Amino acid sequence: MLSQVAAMLVALLVASPASTIAAEPASYDVVVYGGTSAGVIAAAQTKRMGKSAVVVSPDEHLGGLSSSGLGLTDSGRQNAIGGLSLEFYHRVYQHYAQPDAWKFQTPEAYLAQAEARRASNTTNETWWIFEPHVAEDVFESFVDEFDIPILRGEYLDREKGVAMEGQRIVSITTLSGKKLIGKMFVDATYEGDLMAAAGVSFTVGRESNDKYGEVGNGVEVAMNNKNHRFKVAVDPYVRPGDKSSGLVWGMHDGGPGKEGSGDHRVQAYCYRMCMSRVPENSVPFPKPEGYDESMFELLFRNFEAGDLRVPLHPGPAPNGKTDTNNNGAFSTDNIGMNYDYPEASYEERDAILKQHTLYQQGLMWTLANHPRVPQSVRDAMAKWGLAKDEFVENGNWPYQIYVRESRRMVSDYVQTEHDCRRLRICEDSVGLGSYNMDSHNTQRFVTAKGTVQNEGDVQVATGGSYAISYRSIIPKHGEATNLLVPCCLSSSHIAYGSIRMEPVFMILGQSAATAAALAIDQQVPLQELAYADLKAKLVADGQQLVPAGKPKTIQSAK
């Protein structure tokens, strides 16, 4: 696997086919940092509004998680998705409408699978479950159509690469020395690196329930989703029953913390693998260099205690492939190993990513081959391998890890559970969310009974769509006046668990670019932009702004 740091140090400029960028400082109306789905859509909307734009992408491959394995779209209410986000799923539909898109499977056979039936919506000609390379091709089609210049493999100099005049960002400079001058800037990364470097307020971790009067935030042992808990008694000690022998790999000292209290923990990351069950398009799971079977002792003990579930969720994607997600007590989520990631240096993040790769590749090899894995599980795994025609430059392994949560801005409006439940509806909506409030586990601890348990997996339905405030994607008054943050927006941990979906990031990317262009025209800071003008343009461009559903009551599980 090519490390991000190696890519950073090489810092080669790979220009898009549409255009190139000169080595001298270049000026643009809008500089987008991050080649995620939100970043591409923000640049496309900027160009559509007649402004110049550039995307500065640390990643060589565009599209973020949408093109790195997360093809089973967490769409929530599809009628809450509009604008260029909806256009993305329409272009995916157009791809799968072509007969030559179905190389290893017929569309009829694919759509006959229960979980695949929601893939196609013929009413509005959208397609919601897709292969990674298809998504990447669609994002590249936006780049070509709107003639968007791309700087690939370029990392922001987080120490001294953000030049400010007062509270206004003047330019950003990458580690390789490329300088981009802009009137407006969009931080479309999953980590919020530009936001942080510009001195914008942010938080990391879980707030207490008391902070915003929520129910599902903070430490949530009682509300923890039962499907992702240990259902059988598993001993946590190296020598079973002997506390003095220490804890096995993956455990944390101490209890989980007081129910509803805040902490520094973020929900677990994983790679959304694309597996294949087609023999001619499948390669065996590799045994990674440095494999350590002690990392999987809890997995073995969980099987031996009687939990025989195959610990994966292979959601069906076209052509015999999957979007593979975490499932069960011990699965692809590398619980508790990402706490430092949000604010870590590039080198430190690279080490964290390598550890996650070692863990997950080791897990897959173990499930397929290890003698302590039940034969029934090994038999179930025998039909799968990594898709040979995906991520071909990276050993068929996803280009990006699923950063489910990192920094979150703290602005004048913080999206909370009250917004998701429609107990509060903002007056400056720039898009809708609707997916469950979904946090994956954050820690693994020893219970009072001396057994293993997971904590942090909370899944609560919103019961409809809800509004996302314009103020939540811009810094508070007195901070950066020309920066928009569609991914690491201002939100509590539990509300972010719903907002953090790829369709929503694209929605907010478009709305951010729209606001940027209007603020340029009106020559005002983003905090002073007239919402009426922004709303009119968003509606004209097909964005959905009005939430649907009744207020949602959630009972505390305490």
Side-chain angles (χ1 to χ4, degrees), residues 219-221 224-258 263-271 285-312 326-341 348 351-378 381 401 440-457:
V219 175
E220 297 291 349
V221 176
N224 198 264
N225 182 273
K226 291 180 173 54
N227 190 50
H228 302 302
R229 295 167 66 106
F230 281 84
K231 296 185 175 183
V232 292
V234 173
D235 191 288
Y237 302 112
V238 174
R239 290 190 298 272
D242 183 359
K243 187 175 182 180
S244 68
S245 66
L247 296 168
V248 299
W249 188 92
M251 296 295 303
H252 296 277
D253 289 323
K258 181 182 177 182
D263 59 22
H264 65 292
R265 296 181 172 93
V266 293
Q267 53 181 308
Y269 300 168
C270 72
Y271 288 93
F285 299 111
K287 185 177 184 180
E289 183 178 353
Y291 173 82
D292 181 0
E293 71 174 20
S294 70
M295 297 174 73
F296 309 105
E297 184 62 28
L298 288 177
L299 174 73
F300 300 142
R301 293 184 185 186
N302 190 53
F303 284 138
E304 290 160 1
D307 186 350
L308 300 182
R309 292 177 293 173
V310 177
L312 299 169
N326 179 84
N327 191 46
F330 193 102
S331 183
T332 56
D333 279 0
N334 195 8
I335 297 172
M337 300 298 172
N338 62 341
Y339 300 155
D340 295 334
Y341 180 89
E348 291 166 339
I352 293 169
L353 294 176
K354 286 179 178 177
Q355 191 277 337
H356 276 69
T357 302
L358 173 64
Y359 166 76
Q360 193 167 334
Q361 289 186 348
L363 171 68
M364 299 307 296
W365 184 90
T366 298
L367 291 172
N369 297 284
H370 203 284
R372 287 182 68 185
V373 173
Q375 189 64 51
S376 61
V377 175
R378 281 182 279 158
M381 294 300 300
I401 200 167
H440 283 231
N441 281 308
T442 65
Q443 62 177 318
R444 187 169 281 141
F445 67 98
V446 182
T447 70
K449 295 181 179 180
T451 59
V452 179
Q453 196 49 269
N454 298 331
E455 184 276 322
D457 194 299

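Remember, it's a predicted structure, so these values are computed and weren't measured experimentally.
Side-chain N or O atoms of His228 include none that pairs as donor or acceptor with a backbone N or O of Ala329 at under 3.5 Å. Between the side chain of Thr366 and the backbone N or O of His370, no donor-acceptor pair lies under 3.5 Å. With hydrogens and angles ignored, the 3.5 Å screen pairs a side-chain donor or acceptor of Arg301 with a backbone N or O of Asp235.
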Pair Val446-Lys243, side-chain contact (heavy atoms from CB on, under 4.5 Å): steps then yes or no: CA-CA 11 Å; Val446 182; Lys243 187 175 182 180; over 6 Å; no
Stepwise side-chain contact (heavy atoms from CB on, under 4.5 Å) test for Phe300 and Val373: CA-CA 6 Å; Phe300 300 142; Val373 173; 4.1 Å; yes
Worked verdict on Phe285 versus Leu367 for side-chain contact (heavy atoms from CB on, under 4.5 Å): CA-CA 10 Å; Phe285 299 111; Leu367 291 172; over 6 Å; no
side-chain contact (heavy atoms from CB on, under 4.5 Å) assessment of Phe303 paired with Val377: CA-CA 10 Å; Phe303 284 138; Val377 175; 3.9 Å; yes
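Contact check on Arg372 versus Glu297 returns a salt bridge, with a Lys/Arg side-chain nitrogen under 4.0 Å from an Asp/Glu carboxylate oxygen.
Between the side chains of Ser331 and Asp333, no donor N or O sits under 3.5 Å from an acceptor N or O. A donor and an acceptor atom, one from each side chain of Asn441 and Asn225, are nowhere located under 3.5 Å apart. A donor and an acceptor atom, one from each side chain of Thr357 and Tyr271, are located under 3.5 Å apart. A donor-acceptor contact closer than 3.5 angstrom is absent between the side chains of Gln453 and Asn224.
Of the listed residues (Glu455, Gln267, Arg265), just one forms a side chain to side chain donor-acceptor pair (under 3.5 Å) with Thr442, and that residue is Glu455.
Counting heavy atoms from C-beta outward, Asn334 and Tyr269 have side chains that stay 4.5 Å or more apart. Here the side chains of Arg444 and Leu298 are in contact, with some heavy-atom distance below 4.5 Å. By the 4.5 Å heavy-atom criterion applied to side chains, Asn338 and His356 are counted as neighbours. For the pair Val310 and Met381, the minimum side-chain heavy-atom distance is below 4.5 Å.
Between the CG atom in Asn369 and the OH atom in Tyr291 there is a gap of 8.5 Å [rounded to 0.5 Å]. The CG atom of Leu312 sits 6.5 Å away from the OG1 atom of Thr332 when rounded to the nearest 0.5 Å. Taking CD1 of Ile401 as the reference point, atom CG of Leu353 lies at 5.5 Å (rounded to 0.5 Å). Taken to the nearest 0.5 Å, the CZ atom of Arg309 stands 7.0 Å off from the CG atom of Asn302.
No more than 12 heavy atoms of other residues, nucleotides or ligands lie within 6.0 Å of CD in Glu289, so this atom counts as exposed by the packing criterion. Atom CG of Asp242 is surrounded by more than 12 heavy atoms from other residues, nucleotides or ligands within 6.0 Å.
Between Pro256 and Val219, the closest heavy-atom pair is O-CG2, 3.5 Å.
In this structure, Phe296 and Phe330 have perpendicular ring planes: the angle between them is above 60°, well past the 30° mark. A parallel orientation is assigned to the rings of Tyr359 and Trp249, their planes being inclined by less than 30° (bins at 30° and 60°). Using cut-offs of 30° and 60° on the angle between ring planes, the pair His264 and Tyr339 is perpendicular.
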